[in-house]
S.K.: 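First, the structure itself, so that you have it in front of you.
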Amino acid sequence: MHTTTLKPAGRSAAQLTRDVISLFKLRIGVLIMITALVGMAVSPGPSPSMAQVLVLALSVLIASASAGAFNQYVEHESDRLMARTRGRAFATGALPHHPAWLALMAVLLAGAVAAAWLVLNGMAALYVFLGAFFYGVVYTLWLKRRSTMNIVIGGLAGSFAVLAGAAAIDPQLGPLPMLLALVLFLWTPPHFWSLAIANRADYAQAGVPMLPVVVGPERAARTVLFSTVALFVASLLPIGFGAGPVYAVGALAGGLHFVHKSWLLARDTNRATAMGSFFASLVQLSVLLVAACIDGFMR
């Protein structure tokens with residue numbers, strides 16, 4: 001069925017600008033950009049130039065933005081079925097669902113990868129591409145509607161950002177950035193499953209087989225707790241491979257906070273505890289990234 005919707009008349013330039021910007025999921029993109037910069041900061045090697053730092057940041061941000069826009073383009077019909085997403089620009093018709101958007105997304109991704117290749121190196125460019133590919137294609141097109149493992153495999157998008165930053169310094173990746181990439185991989189499932197428990201009815205209505213929809217919220221909450229403990233243990237591993245005391249404090253503080261909130265979720269599964277676990281995941285990652293960055297600059 002053809003669902004192209006024309007933009008409603010009477011929208012101001014400011015409203016149109018906000019709608020276009022909203023396509024690119026910039027809050028997620030900025031977080032992914034920061035993980036790339038942390039990967040650069042923790043990698044031993046020559047100090048990058050300001051141009052290299054800027055190109056890394058912008059290439060990861062733009063690649064993430066293109067993948068985020070592609071996700072909204074593909075999901076515009078199912079987005080209408082969920083309270084959390086029904087206000088998105090393609091879902092409401094505030095922006096026309098037209099194939100020209102796909103050309104723009106392709107140009108953005110190609111430009112981001114080309115800039116990383118020219119200014120950084122081929123491996124960094126490859127990781128920039130893979131981050132967008134795993135979110136846009138592997139997660140959105142292949143797994144989201146087919147498997148409860150959708151967000152697990154899709155979580156590699158954040159891991160590739162860390163590797164892109166590290167490869168910008170040294171294409172031969174050391175153990176520290178590899179372990180931080182593992183931490184990002186393990187962080188995504190309990191982070192997203194906590195949100196999915198809180199919005200289980202939405203995902204069920206949209207026909208998306210998120211874990212809480214398939215196995216029930218209580219079992220999903222126990223899986224969140226198990227996953228959070230695994231994440232916490234993994235976040236301590238870099239201490240044995242060069243991460244210093246600032247990182248250790250951040251990993252302990254943020255990790256224990258997230259474990260506590262996920263334990264509360266497993267003990268009493270409801271929307272409030274699910275959102276508490278979700279927000280704790282953001283605190284944990286933020287503290288960890290800041291601590292890793294400070295640690296990298298202190299070495």
Side-chain angles (χ1 to χ4, degrees), residues 14-40 53-54 56-76 78-79 82-92 94-95 101 104-105 108-109 112 128 131-136 139-140 144 150-151 154-162 164-165 180 183-185 187-199 202-203 208 210 231 254 257-258 261 274-293:
Q15 289 173 320
L16 180 61
T17 300
R18 285 194 294 269
D19 288 334
V20 172
I21 291 174
S22 72
L23 291 181
F24 299 111
K25 298 187 176 183
L26 291 183
R27 283 183 295 181
I28 296 174
V30 168
L31 180 61
I32 293 175
M33 178 188 74
I34 291 171
T35 65
L37 293 174
V38 170
M40 175 178 272
V53 173
L54 186 61
L56 173 68
L58 289 178
S59 63
V60 170
L61 179 62
I62 292 170
S64 172
S66 70
F70 180 76
N71 173 269
Q72 291 196 48
Y73 184 90
V74 171
E75 296 288 323
H76 75 288
S78 62
D79 278 348
M82 299 178 61
R84 188 172 65 88
T85 58
R86 64 170 59 115
R88 289 176 173 174
F90 285 142
T92 63
L95 293 175
W101 289 107
L104 174 61
M105 297 166 202
L108 288 174
L109 179 58
V128 169
F133 177 79
F134 265 77
Y135 184 74
Y139 169 68
T140 301
K144 184 173 182 178
N150 47 21
I151 201 63
L156 282 169
S159 300
F160 284 125
V162 176
L180 286 178
V183 169
L184 262 294
F185 175 69
W187 174 83
T188 305
H191 162 76
F192 207 94
W193 285 335
S194 296
L195 184 64
I197 291 171
N199 296 283
D202 271 358
Y203 285 110
V208 180
M210 286 298 174
L231 165 65
H257 176 63
F258 190 11
K261 291 295 186 179
M275 291 306 295
S277 178
F278 171 74
F279 287 122
S281 71
L282 294 174
V283 171
Q284 188 260 354
L285 183 61
S286 299
V287 170
L288 195 72
L289 292 177
V290 169
C293 196

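All residue numbers in this chain count up from 1 along the given sequence. For the numbers below, each heavy atom of this structure counts, side chains included, while hydrogens, waters and symmetry mates do not.
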S.K.: Show the nearest heavy-atom pair for residues Ala67 and Ala132, with the distance to one decimal.
M.R.: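 Ala67 and Ala132 have their closest heavy atoms at CB-O, 3.7 Å.
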S.K.: Give, for atom CZ of Phe133 and atom OH of Tyr139, the distance between the pair rounded to the nearest 0.5 Å.
M.R.: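 With rounding to 0.5 Å, CZ (Phe133) is 15.5 Å from OH (Tyr139).
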S.K.: Roughly how far apart are Gln72 CD and Leu95 CG, rounded to 0.5 Å?
M.R.: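 One gets 9.5 Å once the value is rounded to the nearest 0.5 Å.
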S.K.: First locate atom CG of Leu184, then atom CZ of Phe160, and finally report the distance between them rounded to the nearest 0.5 Å.
M.R.: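 The distance works out to 11.5 Å.
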S.K.: Would Thr92 and Asp19 count as a side chain to side chain contact (heavy atoms under 4.5 Å, CB included) here? Give the steps.
M.R.: CA-CA 10 Å; Thr92 63; Asp19 288 334; over 6 Å; no
S.K.: What's the spacing between Leu109 CG and Ser66 OG if we round to 0.5 Å?
M.R.: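 Reported value, rounded in 0.5 Å steps: 4.5 Å.
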S.K.: Check whether any side-chain N or O of Thr140 sits under 3.5 Å from a backbone N or O of Val74 as a donor-acceptor pair, and report yes or no.
M.R.: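 Not a single qualifying donor-acceptor pair exists.
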S.K.: Nearest 0.5 angstrom please: Leu285 CG to Thr35 OG1, how far?
M.R.: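 Answer for the CG-OG1 pair, Leu285 versus Thr35, is 8.0 Å.
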S.K.: So, do Phe90 and Tyr73 have ring centers that fall under 6.0 Å from each other?
M.R.: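 Distance test on ring centres: under 6.0 Å, yes.
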S.K.: Give the intermediate values and the outcome of side chain to side chain contact (heavy atoms under 4.5 Å, CB included) for residues Met33 and Leu56.
M.R.: CA-CA 8 Å; Met33 178 188 74; Leu56 173 68; over 6 Å; no
S.K.: Closest heavy-atom contact between Val60 and Ala36?
M.R.: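 Result for this residue pair: CG2-CB, 3.8 Å.
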S.K.: Tell me the side-chain hydrogen bond (donor to acceptor under 3.5 Å, both in side chains) pairs involving residues 281-292, sequence neighbours left out?
M.R.: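 Found His191-Ser281.
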S.K.: Would a line drawn from the ring center of Trp187 to the ring center of Phe258 be shorter than 6.0 Å?
M.R.: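 No; Phe258 has its ring centre 6.0 Å or more from that of Trp187.
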S.K.: For the atom pair CG (Asn199) and CE (Met275), what is the distance rounded to the nearest 0.5 Å?
M.R.: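 If we round to the nearest 0.5 Å, Asn199:CG and Met275:CE are 7.0 Å apart.
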S.K.: How far apart are the C-alpha atoms of Leu156 and Tyr135, what are their side-chain angles, what is the distance that settles it, and do they pass the side chain to side chain contact (heavy atoms under 4.5 Å, CB included) test?
M.R.: CA-CA 8 Å; Leu156 282 169; Tyr135 184 74; over 6 Å; no
S.K.: Residues two or more places apart in sequence or in another chain: which of them pass salt bridge (Lys or Arg N to Asp or Glu O under 4.0 Å) with Asp79?
M.R.: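 Asp79 satisfies salt bridge (Lys or Arg N to Asp or Glu O under 4.0 Å) with Arg88 once adjacent residues are dropped.
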S.K.: Assess whether side chain to side chain contact (heavy atoms under 4.5 Å, CB included) is satisfied between Leu61 and Phe24, documenting all intermediate values.
M.R.: CA-CA 9 Å; Leu61 179 62; Phe24 299 111; over 6 Å; no
